[in-house]
Amino acid sequence: MEKINLQQKFSLFDEHWNPKIVAELNNQHVKLAKLLGEFDWHHHESEDELFWVVSGELIMHFRDKSVTIGPGEMIVVPKGIEHKPEAKHEVQLVLFEPSSTVNTGSVAGSSAKTVTDLEWI
């Protein structure tokens with residue numbers, strides 16, 4: 001049981017769209033990620049996702065609207081809902097999602113952004 005310093009953990013990596021695991025609880029992973037640019041449209045059949053913005057501004061696109069999430073704000077994307085994250089400038093965020101979640105969900109087999117072997121930091 002050690003405390004986790006988010007800024008120290010964010011300083012350990014630079015790559016975008018490559019989440020890192022920092023904790024695990026109740027079959028959920030707590031992940032840190034840096035985002036820049038647009039991600040793929042996708043959904044997750046069985047997993048909800050929580051995006052908590054630490055710095056920057058995240059735009060979460062849905063087929064019928066877009067929601068802007070700033071520092072200290074979060075959004076939960078329910079399972080089955082198609083979405084596309086976008087960061088016009090770098091965003092640092094915390095993700096809470098089941099440990100089985102693949103970042104590209106429904107397009108996992110066809111996306112260059114799919115990360116299947118997550119690193120613990």
| Under a 4.0 Å N-O cut-off, is there an ion pair linking Lys20 with Glu15? | yes
| field | Minimum side-chain heavy-atom gap Ile59-Thr68 below 4.5 Å | value | yes
| task | Calculate, to the nearest 0.5 Å, the distance between atoms CD and CG belonging to Gln28 and Leu50 respectively. | result | 9.0 Å
| request: Please examine the side chains of Phe13 and Asn18, heavy atoms only from C-beta on, and report whether any two atoms are closer than 4.5 Å. | output: no
| More than 12 foreign heavy atoms under 6.0 Å from CG of Asn27: is that the case here? | no
| Ring centers of His43, His83 separated by less than 6.0 Å | no
| said: With clusters defined by side-chain heavy atoms of hydrophobic residues (ILVMFWY) lying less than 4.5 Å apart, directly or transitively, does Leu95 cluster with Ile4? | reply: no
| task | Determine the minimum heavy-atom distance between Pro98 and Glu47, stating which atoms define it. | result | CG-CG, 3.7 Å
| query | Is there a path from Phe10 to Val53 through hydrophobic residues (I, L, V, M, F, W, Y) whose side chains come within less than 4.5 Å of each other? | reply | no
| Below 4.5 Å, heavy atoms only, C-beta onward: do Val30 and Phe96 meet side chain to side chain? | yes
| Contact check, side chains of Lys34 and Ser55, non-hydrogen atoms, under 4.5 Å | no
| According to a 4.5 Å side-chain heavy-atom criterion applied to Ile, Leu, Val, Met, Phe, Trp and Tyr, with indirect links allowed, do Ile69 and Val91 form part of one hydrophobic cluster? | yes
| Full working for side-chain contact (heavy atoms from CB on, under 4.5 Å) between Val54 and Gln7 | CA-CA 9 Å; Val54 174; Gln7 291 309 318; 3.7 Å; yes
| Point-to-point distance, once rounded to the nearest 0.5 Å, from CD1 of Ile75 to CD of Glu49 | 11.0 Å
| said: For Pro71 versus Gly56, what's the shortest heavy-atom pair and its separation? | reply: CD-O, 3.2 Å
| task | Taking the side chain as every heavy atom from C-beta outward, state whether Lys31 and Ile21 have any pair of such atoms under 4.5 Å apart. | result | yes
| query | Can you check whether Phe51 reaches Leu58 side chain to side chain, under 4.5 Å on heavy atoms? | reply | yes
| Can you get from Val94 to Leu35 by hopping between Ile, Leu, Val, Met, Phe, Trp and Tyr side chains that sit under 4.5 Å apart? | no
| Ignoring hydrogens and geometry, is there a side-chain-to-backbone donor-acceptor pair from Lys9 to Ile121 under 3.5 Å? | yes
| query | Any chance CG of Asp64 has more than 12 other-residue heavy atoms, nucleotides or ligands included, within less than 6.0 Å? | reply | yes
| Would Val67 end up clustered with Met74 when hydrophobic side chains under 4.5 Å apart are linked, directly or stepwise? | no
| Between atom NE2 of His16 and atom CZ of Phe39, what is the distance when rounded to the nearest 0.5 Å? | 13.0 Å
| query | Are the side chain of Lys84 and the backbone of Glu38 linked by a donor-acceptor contact shorter than 3.5 Å? | reply | no
| With under 30° as parallel and over 60° as perpendicular, where do the rings of Trp41 and His61 fit, or are they tilted in between? | tilted
